[in-house]
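Worksheet: the structure to be examined is printed underneath.
Throughout, a chain's letter reflects where its sequence line sits, starting with A, and its residues are numbered from 1.
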2 protein chains.
Amino acid sequence: MRLTTKGRYAVTAMLDLAMHVQHGPTSLADISKRQEISLSYLEQLFSKLRQSELVNSVRGPGGGYRLSRAADEIFVAQIIDAVNESIDATNCGGSGNCQKGKVCLTHNLWRDLSDQIHQFLNSISLAALMERHDVRAVCTRQDQDTLSVTLMEADHS
Amino acid sequence: MRLTTKGRYAVTAMLDLAMHVQHGPTSLADISKRQEISLSYLEQLFSKLRQSELVNSVRGPGGGYRLSRAADEIFVAQIIDAVNESIDATNCGGSGNCQKGKVCLTHNLWRDLSDQIHQFLNSISLAALMERHDVRAVCTRQDQDTLSVTLMEADHS
DNA sequence: TTTATACTTGACTGTATTAGTGGGGTATTT
DNA sequence: AAATACCCCACTAATACAGTCAAGTATAAA
């Protein structure tokens, strides 16, 4: 099992998308600035998120990505799954053939752990995250930070 | 966060140790046979388990390892910790400086997840695992398998 | 119709960690 | 003394992450 920057980036980006629905489609460039994630890397992640039908894309100027369904119908576990971070903690991938076709000594422990984590992450929707005060505060801060950066860039040109 | 073969091996080996206390110290060679873990790799893991004072070693013939305290005082989380598999799911290691010294958009989500996992793994002792029927069944199977292997080897010589 | 925007795809690279190997030790019992 | 088993260090192959680069295609606006 692995939970690394990859899955964290994916969830962060999806939450960013959810927090900016009111401005129409969100470009990866915007997400990249706000969340400080490499644009090219975001492209890879969104390719997978699109394949899993978690987002829709709109091409051309003013385009970007949109959530493919309501924020209360998208759960953290689905996002992590989409970018291929397995939540499974067993060695055998849950099949139970860890030792010569039979279960190993600790198979059920890892199965229980996997269930626990999955249950937790599957109980949290993007909508639930959006309602959190800490999330709203960070979002406001990020919007102001990137706004002032944009103004400074305009100033220089 | 990472939970791989490394942590699984460590827990499995510790449980094996716990299940064979009645025969005195358990050699790594025995664990290696029963659990199908490379002996050299086990040595590395037990070096760390020893540093964390989870096991004691007895040198010389008939020697091996022993749990350093009762099985109901050793918890799965401690074992995984001992071999350096971090249970922390945040990017910042829990410090909260993920984005320019402040928290990132999803920091608290990962903190909550880490708490959840830690709570779960810290609630399970080796003693609790030993009582499980599935664990006892696998243990019996392994003892018989390695016993017959030993007999066959004696037969050939 | 041109042009800029922004998505799309694929190949490629550096780095870190895991998982495992191998060889030399040292301590202790028989 | 010889066998056992811990102890320690250096090394390797494979894998996956994280990121880069480059060449496209689709579309809206000018």
Side-chain angles (χ1 to χ4, degrees), chain A residues 1-13 17 20 23-33 35-52 54-66 68 80 82-86 88-89 91 93 98, chain B residues 1-13 17 20 23-33 35-52 54-66 68 80 82-86 88-89 91 93 98 150 157:
Chain A
M1 189 187 60
R2 228 177 225 119
L3 186 53
T4 63
T5 305
K6 196 174 177 182
R8 277 193 297 264
Y9 278 175
V11 175
T12 303
L17 218 59
H20 295 88
H23 307 111
T26 307
S27 73
L28 294 188
D30 284 357
I31 300 180
S32 172
K33 274 181 210 154
Q35 308 305 334
E36 299 178 358
I37 304 174
S38 134
L39 178 59
S40 302
Y41 199 43
L42 274 177
E43 285 171 350
Q44 281 179 49
L45 296 180
F46 271 80
S47 161
K48 291 184 178 174
L49 294 172
R50 211 174 78 92
Q51 282 168 40
S52 300
L54 291 172
V55 295
N56 291 324
S57 64
V58 181
R59 293 184 144 197
Y65 284 93
R66 270 207 194 92
S68 67
I80 293 177
V83 294
N84 301 339
E85 290 222 293
S86 163
D88 186 21
N91 192 28
C98 351
Chain B
M1 189 187 59
R2 224 173 233 124
L3 185 54
T4 63
T5 305
K6 195 175 178 182
R8 277 193 296 264
Y9 277 176
V11 175
T12 303
L17 219 58
H20 294 88
H23 307 111
T26 306
S27 73
L28 294 188
D30 284 356
I31 300 180
S32 171
K33 274 180 211 153
Q35 307 305 333
E36 300 178 357
I37 304 172
S38 133
L39 178 60
S40 301
Y41 200 44
L42 273 178
E43 284 174 349
Q44 286 177 46
L45 297 179
F46 271 79
S47 162
K48 292 184 177 175
L49 294 172
R50 212 173 77 92
Q51 283 168 40
S52 299
L54 291 172
V55 294
N56 291 323
S57 64
V58 181
R59 290 186 147 197
Y65 285 94
R66 270 208 194 91
S68 67
I80 292 177
V83 294
N84 302 338
E85 292 222 292
S86 163
D88 185 22
N91 191 28
C98 353
T150 308
S157 63

- Take nucleotides 18-25 of chain C nucleotide by nucleotide from the 5' end and write B, S or -, depending on whether a protein heavy atom sits under 4.0 Å from the base, only from the sugar-phosphate, or from neither. SBBBB---
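At whole-Å resolution of the value, NZ in B:K48 and P in C:dT17 are 11 Å apart. Taking atom CG of residue A:L42 and atom P of nucleotide D:dC21, one finds them 16 Å apart after rounding to whole Å. For the pair B:Q51 CD and D:dC6 C1', the interatomic distance rounds to 14 Å; values are reported in whole Å. Atoms CG (A:N56) and P (D:dA26) sit 18 Å apart, rounded to a whole Å. Atom CD1 in B:I31 sits roughly 12 Å away from atom C1' in D:dC6 (whole-Å rounding). Spacing between atom CG of A:L45 and atom P of D:dC17 amounts to 11 Å, rounded to whole angstrom units. Rounded to whole angstrom, the span from the CD atom of A:E36 across to the P atom of D:dG19 amounts to 12 Å. Summarising the geometry, the separation between OH on A:Y65 and P on D:dT27 is reported as 14 Å, rounded to the nearest angstrom.
In plain terms, the two heavy atoms of A:L45 and A:A10 that are nearest each other are CD1-N, 4.2 Å. The heavy-atom pair separating A:V58 from A:P25 by the smallest distance is CG2-CG, 4.1 Å.
Between B:V58 and A:S47, the residue whose closest nucleotide on DNA chain C is further toward the 5' end is A:S47.
The side chain of A:L28 approaches C:dC7 more closely than any other nucleotide in the set D:dC7, C:dA4, C:dC7.
Under the side-chain contact (heavy atoms from CB on, under 4.5 Å) test applied with A:I31, the options A:Y9, A:Y65, A:F46 reduce to a single match, A:F46.
In this structure A:A89 satisfies the side chain to side chain contact (heavy atoms under 4.5 Å, CB included) test together with A:M1, A:W110, A:L113, A:S114, B:L3, sequence neighbours excluded.
B:S86 places a side-chain N or O within 3.5 Å of a backbone atom of B:D88 that can act as its donor or acceptor partner. No donor-acceptor pair closer than 3.5 Å links the side chain of A:S32 to the backbone N or O of A:L28. Here the side chain of B:S47 pairs no donor or acceptor atom with the backbone of B:E43 at under 3.5 angstrom.
The residue A:F46 sits apart from the nucleic acid: no heavy atom pair falls under 4.0 Å.
Between B:S27 and D:dC6, a side-chain N or O to OP1/OP2 separation shorter than 4.0 Å is absent.
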